[in-house]
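Inspection log for the structure reproduced underneath, given as structure tokens.
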Amino acid sequence: MKILACADIHMGRKPEFAQSGHSSWDAIVEKALSLAVDVVVLAGDVVEQEKAWLSVYGPLLKGLQTLKEAGIRVVGVGGNHDWNIFPSLVQDSDAITILGLGGKWESLDIGCVRFLGWSFPSSHEKENPLKKFPSDLLNPSLIHLGLLHADYGTALSAYAPVQEQDLIRSKVELWMLGHIHKRGKVGQAQAYYCGSPYALDVNEMGEHGVYLLETEGDLHFKPPLFIPLCPYRYEAFTVDVSGIEDADGIQKHLTKSIRNCIHELKYEGTLYVKAVFTGTLNPSLNLGQVMQKIGDDDAFFIEEQGVVAYLLDRCEDQTELAIDLHQLSKGSGPDAMLAKKLLDPVQLDRLARQYQSLNEESCNSSAYSRLDSSSLSLEEAANLARQAGMRLLQAMIVQKQGER
């Protein structure tokens with residue numbers, strides 16, 4: 001048996017570089033037909049939200065009908081985005097089976113495979129659904145495939161938290177998971193996140209697609225085979241600015257680094273790249289201004305080896321400023337005072353704790369009550385405080401140089 005597994009399509013949410021909010025669903029249907037699979041499984045969040053339902057209802061039903069006419073079964077579970085939509089869908093279409101509606105484990109046998117699934121009963125589910133997994137659903141004469149939309153590796157989450165041992169103890173041969181948009185195997189359990197079939201934003205880097213599952217001798221599954229589907233790709237690449245003296249030097253090194261990224265990826269298609277600047281930065285240089293100047297030019301792209309690479313208008317600054325704090329602290333004035341503070345562990349610790357407090361007051365205020373609580377470690381807060389202090393020193397140094 002051949003099964004195509006996917007999750008987190010989020011129909012109705014249009015990726016920036018896709019043709020529509022259902023482009024990835026259309027690509028999944030086409031891939032299922034070309035591979036002549038027996039079943040397509042959907043591990044939740046097929047639809048972005050209830051408000052998007054009307055705009056994607058037609059394309060979703062059309063794809064389901066196309067698969068049905070080709071003799072391909074569709075089996076899914078509801079995620080936190082589509083939990084309240086799937087009950088209506090199964091009423092309107094006999095081309096899909098949703099397992100576990102209402103938060104109850106269910107099974108479905110197709111050929112030599114028993115599909116096991118649980119669906120979100122509401123938009124948030126803090127309980128671990130595997131704690132109520134009924135072992136009597138297992139049949140020793142069949143191969144089991146578990147479908148679950150869940151937050152793996154945590155005990156506390158509003159999105160069905162599950163842990164590695166829960167999956168292992170279930171005795172299910174293979175789990176295909178939804179919720180996390182990055183694909184890949186998780187831990188030591190036989191469990192894989194499908195990832196989003198199309199990258200939905202610039203933070204979803206790497207290749208995106210679907211998994212092909214095949215049974216062998218009606219006894220077990222072969223290792224899941226990832227099949228790229230997304231026609232574009234986001235990636236980050238590093239640019240070491242150590243020793244570079246001017247903006248032209250940064251742009252030349254930026255171009256060289258993009259070409260290195262292309263060569264290393266061995267990828268053909270459209271590539272959108274984000275620069276991560278590292279190394280020691282000359283205090284006279286402002287990366288923000290350099291990137292703005294590049295962005296003001298015509299679209300910055302490189303075309304070679306079957307790749308068209310575009311530079312995204314955002315970057316990440318991990319540089320250290322080439323400022324001698326010890327030498328600067330020996331002087332007088334505000335810059336010397338700030339240098340002394342940054343060199344003093346006690347002062348830096350105090351700044352770090354202030355950063356922690358500000359983070360808790362802002363990110364965890366009532367305005368963000370629907371988000372999970374967020375906290376900075378003391379080390380993270382210290383790094384942020386030091387970075388902010390160094391940027392302020394940079395501004396002071398540039399200002400002094402301008403006054404001379």
Side-chain angles (χ1 to χ4, degrees), residues 2-9 15-19 23-37 176-177 180-187 191-214 221-242 244 249-279 291 294-295 298-318:
K2 293 198 296 185
I3 302 167
L4 201 65
C6 55
D8 297 286
I9 304 172
E16 186 174 357
F17 300 108
Q19 292 182 340
S23 295
S24 61
W25 170 239
D26 296 340
I28 290 165
V29 172
E30 183 178 339
K31 182 61 68 175
L33 294 174
S34 67
L35 294 174
V37 301
M176 298 307 295
L177 309 177
I180 303 300
H181 293 186
K182 183 178 180 180
R183 67 176 176 90
K185 191 174 185 294
V186 294
Y192 290 76
Y193 268 116
C194 297
S196 48
Y198 273 25
L200 296 171
D201 61 53
V202 297
N203 295 313
E204 296 187 8
M205 298 185 181
E207 289 187 301
H208 287 255
V210 293
Y211 277 102
L212 178 63
L213 315 177
E214 292 190 78
F221 286 108
K222 296 178 182 179
L225 175 65
F226 174 73
I227 299 176
L229 202 64
C230 188
Y232 55 88
R233 180 171 174 174
Y234 297 111
E235 286 295 342
F237 66 101
T238 58
V239 185
D240 189 340
V241 297
S242 301
I244 298 177
I250 288 182
Q251 182 163 341
K252 289 178 182 177
H253 197 50
L254 189 66
T255 302
K256 181 180 178 181
S257 298
I258 293 176
R259 287 201 165 98
N260 289 339
C261 178
I262 292 173
H263 296 158
E264 291 172 3
L265 286 176
K266 295 180 174 60
Y267 166 80
E268 292 187 2
T270 304
L271 188 63
Y272 297 92
V273 290
K274 181 181 79 170
V276 180
F277 291 100
T278 61
M291 291 298 289
I294 293 173
D298 292 335
F300 187 94
F301 71 93
I302 294 173
E303 186 172 2
E304 61 179 58
Q305 296 185 349
V307 177
V308 180
Y310 295 91
L311 180 65
L312 293 169
D313 61 357
R314 64 195 70 189
C315 65
E316 187 174 335
D317 185 358
Q318 295 182 3

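Computed from heavy atoms alone, side chains included, the values below leave out hydrogens, waters and symmetry copies. Given the structure is predicted, the values throughout are model-derived calculations rather than measurements.
Taking all atoms of both residues into account, the shortest heavy-atom contact from Tyr198 to Leu229 is CE1-O, 3.7 Å. Among all heavy-atom pairs drawn from Gly279 and Asp240, the shortest one is CA-OD1, 3.4 Å.
Of the candidates Leu271, Val307, Asn260, Leu271 is the only one forming a side-chain contact (heavy atoms from CB on, under 4.5 Å) with Leu265. Evaluated for a side-chain contact (heavy atoms from CB on, under 4.5 Å) with Met291, the options Leu312, Leu311, Ile250, Asp317 yield exactly one hit, Leu311.
Residues Thr255 and Lys252 form no side-chain contact, since every pair of their non-hydrogen atoms from C-beta on lies 4.5 Å or further apart. At least one side-chain heavy atom of Glu304 sits less than 4.5 Å from a side-chain heavy atom of His263. The shortest side-chain heavy-atom distance between His208 and Arg183 does not fall under the 4.5 Å cut-off. Within the 4.5 Å cutoff, no side-chain heavy atoms of His253 are placed close to those of Val241. For the pair Tyr272/Val202, no side-chain contact is recorded, criterion being any heavy-atom separation below 4.5 Å from C-beta on. You'll find the side chain of Pro197 reaches within 4.5 Å of the side chain of Ile9, heavy atoms only. Ile3 is not listed as a side-chain neighbour of Met176, based on a closest heavy-atom distance of 4.5 Å or more. A 4.5 Å side-chain heavy-atom check between Tyr192 and Lys185 finds at least one atom pair inside the cut-off.
Note that CD1 of Ile262 and OG of Ser257 are 11.0 Å apart. Values are rounded to the nearest 0.5 Å. The line from NZ of Lys222 to CG of Leu212 is 8.5 Å long, rounded to the nearest 0.5 Å. Rounding to the nearest 0.5 Å places OH of Tyr234 at 8.5 Å from CG of Leu200. Atoms CD and OG1, from Gln318 and Thr238 in turn, are 9.0 Å apart once rounded to the nearest 0.5 Å. Within the model, atoms OH of Tyr267 and OH of Tyr232 stand 9.5 Å from one another, a figure rounded to the nearest 0.5 Å. How far CD1 of Ile244 is from CG of Leu254: 9.0 Å, rounded to the nearest 0.5 Å.
Around atom NZ of Lys182, no more than 12 heavy atoms belonging to other residues, nucleotides or ligands sit under 6.0 Å away.
Scanning for ring pair (Phe, Tyr, Trp, His ring centres under 6.0 Å) contacts around Phe226 gives Tyr211, with sequence neighbours left out. In this structure, Pro223 has no side-chain contact (heavy atoms from CB on, under 4.5 Å) partners at least two apart in sequence or on a different chain. With sequence neighbours excluded, no residue satisfies side-chain contact (heavy atoms from CB on, under 4.5 Å) with Glu268.
Counting only distance, with no hydrogens or angles, the side chain of Glu303 and the backbone of Ala309 share no donor-acceptor pair below 3.5 Å. Of the possible polar contacts, one joining the Lys2 side chain to the Leu35 backbone as a donor-acceptor pair under 3.5 Å is found.
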